[in-house]
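In each ligand, atom 1 is the first atom listed, and ligand 1 is the first ligand listed.
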Amino acid sequence: MKSHSFGIPLVATLALSLAVAQATASAGTASPPRGVSPSKANLYVPDRSSQWKCLDGSKTIPFNAVNDDYCDCPDGSDEPGTSACGTGHFHCANVGHVASDIKSSRVNDGVCDPECCDGSDEYNGAIHCPNVCDEVGAEAGLERERVRAIEAEGSRLRKVYIEHGQNTKLQWTEDLFGLRERTTTVKKEATKAKEQLDLANEELDKFLEGSKATREAERRAQLKPYLEQQTQRLIRVKESKAFLEKALQDLKENYNKNYHDLAVKNTVSGFDELMGTGTVGDQEVEETEETVAATEEYQPPTADQALEGEQSPDRQFSALQDESYSIQREIGRLHDLLVGMKHEYNTEYNDEAVLKAIQIADDFEVEWDTSLNEFKGELPIDIPVEDSDDGPEAEKFKAVADEKQSAFDSASEEQRVVEEKIRDIEKKQRVDFGPDGTFVRMMDECFEFKDIEYTYSLCMFGSANQKSHSTTFLGKFSNWVGDDYNTQMYTGGTKCWNGPDRSVKLIMTCGTVNEIVSVAEPEKCEYVFKMQTPAVCAVLDDAVSNEEERSSEESVPPTSNVEPEVEVKKRDEL
Ligand code: MAN
């Protein structure tokens, strides 16, 4: 309404009255003003005085000011078919496709708006927008059919998932019941097997303990002659050592001190050194009661004494042998002193004491092997090897113990396996697989997505990774987001440099195949995986889905009656 003056020319007034009368008369049947949808046509009717109220009720204007390319109403409702207000809406009928409303500012703006496929928004002739609604409508129809077909197939698959989930959960409950009963039996069996094993071991120990005394007594009897023979040898070496010491002691006391025979003096001082310091060679021997007693006659323990003794007969034997060898080395040193003197003494002195000592050395050499430090012809005594076998009776006890051990091992292994199965089921029962158990079907299934730089992987209810030359942990399943059971969070991944711990948001939309369709990192180290899966498709009732399947038969590839083989990897394959 560009101007309204009181001085309206008569012709104009007549014309206006005619227009209003026409508009009013045809109000029930006439098409609505340009840009008004048929559903709002009843809002664009003049009153008896050909006036019309803005839709927000703020103003009343003459009805012929509607679409006069001048904005009167604050809500822009008076200019639905022009861009004068800009804030209103222009209705495109789009016959052949879907009607739509565009902003009135886009009317006659020289652009063919795709939302207005009929080209009705550009009517002033500045450009020509052809009506493409038939083509667009056909395409949109195809797309709708495609989506419907996916939804129908998705619904069918989801029902399979739900059934699988519910059956699996029932199976878990049943298995758990059986396993709990089994565990009671298995525990009892393991306890019983343990008791029997302990008993068998006790009996074996008792037998071995008893037979140990018998075996040792037998061994003592067996070694008795060897112990006696070795004892005789020890007595002999002790006597020989005492004999040579006495010979050197006599020499020391009786040699003629007026002769300055260096060989004699060296022998005596060598003897002093051996006896005086108590050093025999490089071995320190304190002159204690023991060494004094060593020169006294040695009496071996009787077999009975040996039986009472702490030491085993074998150890007693080797102790005697060691002592004999040690004394033989001392004899060797004493004899060497005399032999040294024999080769270097001054024969002109005819010292009786010296000659006597040399005679003793010569006589001793008849039976003594100077190079081997042992009596000639005296070979080491070899004792018979101890029979390590515990005997057939012990073998019987051992066989019983072994048998009880393997019975116990298998009972406790069975207990472990049963308990592990129980823990495993209980763990799965604690997972939220959705109210209808749909996601049981997805448990442990793993998917990959490759982009230019990385291969991403995700195992449902498990963990997510990012691989290139190395693998970066992106997080493990932590929770569902919201109540719709279509978004999961995987958190606690490797910390990002200068950023948060890595995490994944998994957003699922309906699809007939389980697959990750995109991975993005909108915020540093916060990844968004998009996945298509039947698990989130709406469950359509059979009538609807059958109808949809029928109507979409030609728009999607035919589906089989079984669940399609979904290309997934199990957790441990990744
Ligand atoms: C790695 C990858 C990237 C991440 C950077 C952050 O390169 O994990 O996805 O953005 O680290 O430093």
Side-chain angles (χ1 to χ4, degrees), residues 143 146-147 150-151 153-154 157-158 161 164-165 420 423-424 426-538 563-574:
E143 176 60 14
R146 196 186 66 80
V147 171
I150 290 172
E151 284 169 350
E153 175 62 0
L157 290 174
R158 171 139 187 218
Y161 281 24
H164 171 82
E420 196 175 297
R423 272 196 303 278
D424 187 45
E426 285 173 341
K427 192 172 156 205
K428 288 193 280 203
Q429 283 182 327
R430 283 194 296 273
V431 178
D432 183 356
F433 291 112
D436 52 13
T438 306
F439 283 91
V440 171
R441 169 68 181 68
M442 306 284 281
M443 177 179 59
D444 287 345
E445 288 202 347
C446 301
F447 308 96
E448 276 192 355
F449 180 84
K450 289 187 175 66
D451 74 5
I452 302 165
E453 208 177 343
Y454 302 109
T455 297
Y456 292 91
S457 64
L458 181 138
C459 292
M460 296 295 290
F461 300 96
S463 54
N465 287 293
Q466 180 193 52
K467 282 184 232 168
S468 53
H469 48 277
S470 61
T471 299
T472 306
F473 176 54
L474 300 185
K476 72 177 180 61
F477 173 71
S478 71
N479 59 286
W480 287 99
V481 178
D483 301 327
D484 296 335
Y485 288 91
N486 57 17
T487 306
Q488 293 185 331
M489 285 306 298
Y490 291 72
T491 58
T494 309
K495 187 167 167 36
C496 188
W497 187 74
N498 262 351
D501 287 350
R502 284 177 174 76
S503 64
V504 172
K505 186 179 210 175
L506 174 68
I507 301 172
M508 291 170 273
T509 52
C510 174
T512 53
V513 173
N514 285 309
E515 61 180 343
I516 296 175
V517 291
S518 73
V519 171
E521 193 182 344
E523 297 288 336
K524 200 172 169 193
C525 296
E526 292 179 5
Y527 304 84
V528 175
F529 286 23
K530 287 200 173 146
M531 184 179 185
Q532 286 184 351
T533 170
V536 297
C537 292
E563 197 184 338
E565 265 309 307
V566 177
E567 270 195 39
V568 290
K569 291 183 176 177
K570 284 287 174 189
R571 196 186 292 264
D572 45 12
E573 288 174 348
L574 288 182

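The 12-atom threshold is exceeded at NZ of K428, counting heavy atoms of other residues, nucleotides or ligands nearer than 6.0 Å.
Between D432 and Y485, the side chains place a donor N or O and an acceptor N or O closer than 3.5 Å (distance only, hydrogens not considered). For the residue pair N514 / T533, a side-chain donor-acceptor distance below 3.5 Å is found, with atom types taken as modelled.
When hydrogens are left out, the protein atom nearest atom 12 (O) of ligand 1 is K524 CE, 3.9 Å; that is the closest non-hydrogen contact. Shortest contact from atom 4 (C) of ligand 1 to any protein heavy atom: E521 OE2, 3.4 Å. The protein heavy atom nearest to atom 3 (C) of ligand 1 is Y527 OH, 3.5 Å. Q466 OE1, 2.7 Å is the protein heavy atom nearest to atom 8 (O) of ligand 1.
Listed by atom number, the atoms of ligand 1 under 4.0 Å from C496 heavy atoms are 6 (C). Taking a cut-off of under 4.0 Å to the non-hydrogen atoms of Y454, the atoms of ligand 1 that pass are 1 (C), 2 (C), 3 (C), 7 (O).
Every N/O-N/O distance between W497 and ligand 1 stays at or above 3.5 Å. Annotation: R502 places an N or O atom under 3.5 Å from an N or O atom of ligand 1; distance criterion only.
Looking at V440, V536, T438 one by one, the single match for side-chain contact (heavy atoms from CB on, under 4.5 Å) with Y161 turns out to be T438.
The pair K524-E526 fails the salt-bridge criterion, with no side-chain N (NZ, NE, NH1 or NH2) lying under 4.0 Å from an Asp/Glu carboxylate O.
Residues satisfying the salt bridge (Lys or Arg N to Asp or Glu O under 4.0 Å) test with R502, not counting sequence neighbours, are none.
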